[in-house]
Engineer: 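Here it is, the structure in full.
Note that this is a predicted model, so its numbers are computed, not measured.
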Amino acid sequence: MTDGFRPKSDFLRALTERGFVHQCTDAAALDAAAAGGLVAYVGFDCTAPSLHVGSLVPIMTLAWLQRTGGKPIALMGDGTTRVGDPSGKDETRKILSLDAIEANKAGIRKVFSRFLDFADGPTGALMPGNAEWLAPLNYIDFLRDVGRHFSVNRMLAMDSVKLRIERDQEMSFLEFNYMCLQAYDFVELHRRHGCTLQMGGSDQWGNIINGVDLGRRMDGAKLHALTTPLLTTASGAKMGKTAAGAVWLDATMLAPFDYWQYWRNVEDADVGRFLKLFTFLPMDEIARLVALGGAEINEAKKALADEATALVHGREEAAKAAAAARRTFEEGAVSADLPSVEIAARELDEGMGALAAFVRAGLCASNGEARRQMKGGGLRINDRAVDDERARVGRADLTAEGVVKLSLGRKRHVLLRPV
C-alpha cells in the first residue's frame, strides 16, 4: 500500500486498519473499484478434508468484502489440486485421486457457510470449482491461447521455481505449469463473473500478478491484486500449527474446546493483532481490550477465544468451551464439555494401559511419545501424575461424573467415556 494513502472505500479501509494489506496494485484504482461494488476471489486447493487456522486470513478478507458491499468468490481448486502448487514447497505434492479431491472439497465447503452468505443477490457469495474450465481444456489450444503469453525467463525467476532450483530440489513439468493455470483462473472468473480482484498470501504475489498480466494481454482487462502478510506469532511460530498438529476448522478434526484453547493461549503480544484479524469486533472495542494491563490481558484473550470460536463453530459451542475452561482451570472441576473419546466399558473392567489410554485419547501419537511425556511429568489421570509406565486405567478411576480425565500438561484434557 502506498505510504500515506487513505482509502475511501469501506472495504479497503477495513482491510488497511486491521492489518490485512501487504501489497496491492494501484491502490487508488482498487479503492475506486471497491466503492462501486467489487467482485473478488481467493483460491483454495482441495488438499485436505478441511482448512486450518492458516487459511483464516484470506477467508476473513472475503468476509469483509461481503460485509462492505462486494461479491466474494471462494474458488475451489478441484482442477489445480490435480497439479499441485509448488509455492513454498521443497518437494512435489502428493497427487490425489479425483474421489479424494471431491471429498476434500465437500469438507472445505462447510467452513465457508460460517463466514459467507451464499444467498442469491448482488453480494451473494459464489463457490465455483476450477475443474469446470480447466478439465475440458485442449492442450494445444491452451498452449496457443494462454501459454504464448508467458515468458519462461520470468517463470524461472519466480520464487516458487527459483528456490526449488537453488536448493537442488526437483520440480516436475506438471508443477511448472501451475502458475499458468492459476493465472487462467483469473481470466475465466473475470469473463464469467466480472471478477477484477484476486487476493491471497504474500507468497502468491507473483502468481496473482501473472493473472493480472494475462487478463490484460488476453482481454484488455483492468485487474487488481492484493496480498496479505504471511503471519507468524510474536515468537516466530507459524500460524495454524501447534505441537499437537494443525489447528483445523472442522469440529470432527479438532474439538471446539481445543480450538477455543488455542486462541485463549496466544502470546500477550499477539492479542491486539489477532483481535483485528480474526474477529469482527469494532475497532474501539478492540482498543479497549488491548489497553487492559497485567492479569486483565486474560480477559482480552478470552474475548478473542469467544469471538474466533463463535465464527467457526457457532456462539453456543463457544459458550460451552468457555464454560468448560472456566470449570476446568478456575474451579478445578471436571466439565462434561471437555473433548471426549468413547471406549467400551469392558476395557475399563479389564484395565487398559495408561500409556495406551493417552494414545487412544489422541493426546500422544504413540506409546513412545507417551512414555517421554510421562518422564517429563506431563501426564496426569484425574489430575494425579502418572509416574509408572506400567500403570493401568480401570473402573476405579471413574470420577463422580462417570468419566476418566486424562491431561497432557496443564492445557490439554480429554475425557474417557465408557459406553
Engineer: Sequence neighbours left out, what passes ring-ring contact (aromatic ring centres under 6.0 Å, His included) with W248? Give chain and number order.
Structural biologist: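 If we apply the ring-ring contact (aromatic ring centres under 6.0 Å, His included) test to W248, skipping adjacent residues, the hits are H52.
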Engineer: Do the side-chain N and O atoms of D250 and T252 include a donor-acceptor pair separated by under 3.5 angstrom?
Structural biologist: yes
Engineer: Evaluate S50 against V111 for side-chain contact (heavy atoms from CB on, under 4.5 Å), listing each step before the verdict.
Structural biologist: CA-CA 7 Å; S50 179; V111 173; 3.8 Å; yes
Engineer: For the residue pair D45 and Y178, confirm or rule out a side-chain donor-acceptor distance under 3.5 Å.
Structural biologist: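 Indeed, the side chains of D45 and Y178 share at least one donor-acceptor pair under 3.5 Å.
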Engineer: Give a yes or no answer on whether the side chain of N130 reaches the backbone of G79 with a donor-acceptor pair at less than 3.5 Å.
Structural biologist: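 At least one qualifying donor-acceptor pair exists.
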Engineer: Are L12 and L226 close enough that some pair of their side-chain heavy atoms sits under 4.5 Å apart?
Structural biologist: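 A side-chain contact under 4.5 Å exists here.
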Engineer: Can W260 and D306 be counted as having a side-chain donor-acceptor contact under 3.5 angstrom?
Structural biologist: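 A donor-acceptor contact under 3.5 Å links the two side chains.
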Engineer: In sequence, state the C-alpha distance, the side-chain angles, and the governing distance for L406 and L379, and then conclude on side-chain contact (heavy atoms from CB on, under 4.5 Å).
Structural biologist: CA-CA 8 Å; L406 304 183; L379 302 187; over 6 Å; no
Engineer: Quick check: do L38 and T196 have side-chain heavy atoms less than 4.5 Å from each other?
Structural biologist: yes
Engineer: Testing the basics here: between F280 and A63, what is the closest heavy-atom pair and its distance to 0.1 Å?
Structural biologist: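 Closest approach of F280 to A63: CZ-CB, 3.6 Å.
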Engineer: Give a yes-or-no answer on whether the side chains of Q204 and Q198 include a donor-acceptor pair shorter than 3.5 Å.
Structural biologist: no
Engineer: Could you go through residues 352-360 and list every donor-acceptor pair under 3.5 Å that involves a side-chain atom there, pairing it with any protein atom two or more places apart or in another chain?
Structural biologist:
{"unit_1": "R360", "atom_1": "NH1", "unit_2": "E347", "atom_2": "OE1", "d": "2.9"}
{"unit_1": "R360", "atom_1": "NH2", "unit_2": "E347", "atom_2": "OE2", "d": "2.8"}

Engineer: Any salt bridge between E389 and R371, counting N to O under 4.0 Å?
Structural biologist: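 So E389 pairs with R371 through a salt bridge.
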Engineer: Can K8 and D31 be counted as an ion pair, charged N to O under 4.0 angstrom?
Structural biologist: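 A salt bridge is absent here (no side-chain N lies under 4.0 Å from a carboxylate O).
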Engineer: Would D213 and R217 pass as an ion pair if we require N to O under 4.0 Å?
Structural biologist: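 Answer for the salt bridge query: yes.
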Engineer: Atom OG in S407, atom NE2 in H413: separation rounded to 0.5 Å?
Structural biologist: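 Nearest 0.5 Å value for the OG-NE2 distance: 4.5 Å.
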Engineer: Taking all non-hydrogen atoms of both residues into account, name the closest pair between M199 and I208 and its distance.
Structural biologist: C-CD1, 4.0 Å
Engineer: Hey, does L249 have a side-chain heavy atom less than 4.5 Å from the side chain of L254?
Structural biologist: no
Engineer: So, does R114 use its side chain to make a donor-acceptor pair with the main chain of V312 at under 3.5 Å?
Structural biologist: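 Yes.
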Engineer: Could you check whether any side-chain N or O of D78 sits under 3.5 Å from a backbone N or O of A131, counting only pairs where one atom can act as donor and the other as acceptor?
Structural biologist: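 Between the backbone of A131 and the side chain of D78 there is a qualifying donor-acceptor contact (under 3.5 Å).
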Engineer: For L51, does its backbone N or O pair with a side-chain atom of S55 as donor and acceptor, under 3.5 Å?
Structural biologist: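 No; zero donor-acceptor contacts below 3.5 Å.
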Engineer: Set out, in order, the CA-CA distance, both residues' side-chain angles and the distance that settles salt bridge (charged side-chain N to carboxylate O under 4.0 Å, His left out) for R13 and D10, then state yes or no.
Structural biologist: CA-CA 5 Å; R13 187 166 58 249; D10 291 340; 2.4 Å; yes
Engineer: Could you walk me through whether E17 and R6 satisfy the salt bridge (charged side-chain N to carboxylate O under 4.0 Å, His left out) test, starting with their C-alpha distance in whole Å, then the side-chain angles of each, then the deciding distance to 0.1 Å, before giving a yes or no?
Structural biologist: CA-CA 10 Å; E17 68 182 6; R6 294 178 179 275; over 6 Å; no
Engineer: So, for P229 and G19, which heavy atoms are closest and what is the spacing to 0.1 Å?
Structural biologist: CG-O, 3.7 Å
Engineer: Are a donor atom and an acceptor atom from the side chains of D185 and W133 found within less than 3.5 Å of each other?
Structural biologist: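 On atom types as modelled, these side chains qualify, holding a pair under 3.5 Å.
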Engineer: Give a yes-or-no answer on whether the side chains of S202 and H22 include a donor-acceptor pair shorter than 3.5 Å.
Structural biologist: no
Engineer: Distance-only, no hydrogens or angles: does the R18 side chain make a donor-acceptor pair with backbone N or O of K276 under 3.5 Å?
Structural biologist: yes
Engineer: Just so I know, are the side chains of L231 and V57 near enough to count as touching, which here means a heavy-atom distance under 4.5 Å?
Structural biologist: yes
Engineer: Using the rule given for side-chain contact (heavy atoms from CB on, under 4.5 Å), can you reason through T61 versus V42, listing the C-alpha separation, both sets of side-chain angles and the distance that settles it, and then say yes or no?
Structural biologist: CA-CA 9 Å; T61 62; V42 178; 4.1 Å; yes
Engineer: With a 4.5 Å heavy-atom cut-off, do K222 and H190 have their side chains touching?
Structural biologist: no
Engineer: If the threshold is 4.0 Å, N to carboxylate O, is there a salt bridge linking E299 and R288?
Structural biologist: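 A salt bridge is absent here (no side-chain N lies under 4.0 Å from a carboxylate O).
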Engineer: Taking only residues two or more places apart in sequence or in another chain, which ones pass side-chain hydrogen bond (donor to acceptor under 3.5 Å, both in side chains) with R273?
Structural biologist: D270
Engineer: Donor-acceptor check, side chain of K405 to backbone of L415, threshold 3.5 angstrom: yes or no?
Structural biologist: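 Such a contact is absent between K405 side chain and L415 backbone.
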Engineer: Which pair of heavy atoms, one from F11 and one from A34, lies closest together, and at what distance?
Structural biologist: CD2-CB, 4.1 Å
Engineer: With a 4.5 Å heavy-atom cut-off, do E132 and R192 have their side chains touching?
Structural biologist: yes
Engineer: Please determine whether side-chain contact (heavy atoms from CB on, under 4.5 Å) holds for the pair D268 and K301, giving the CA-CA distance in whole Å, both sets of side-chain angles, and the decisive distance to 0.1 Å.
Structural biologist: CA-CA 8 Å; D268 291 0; K301 291 184 179 183; 2.6 Å; yes
Engineer: Out of T227, L15, L30, which one pairs with C24 under the side-chain contact (heavy atoms from CB on, under 4.5 Å) rule?
Structural biologist: L30
Engineer: Do L281 and E307 make a side-chain contact, defined as non-hydrogen atoms from C-beta onward lying under 4.5 Å apart?
Structural biologist: yes
Engineer: Would you say the ring centroid of F44 lies under 6.0 angstrom from that of F112?
Structural biologist: yes
Engineer: Using distance alone, with no hydrogens and no angle criterion, decide if Q182 and T80 have a side-chain donor and acceptor under 3.5 Å apart.
Structural biologist: no
Engineer: Do E267 and S235 have side-chain heavy atoms sitting under 4.5 Å apart?
Structural biologist: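 Counting from C-beta outward, E267 and S235 do come under 4.5 Å.
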Engineer: To the nearest 0.5 Å, tell me how far E369 CD sits from L363 CG.
Structural biologist: 9.5 Å
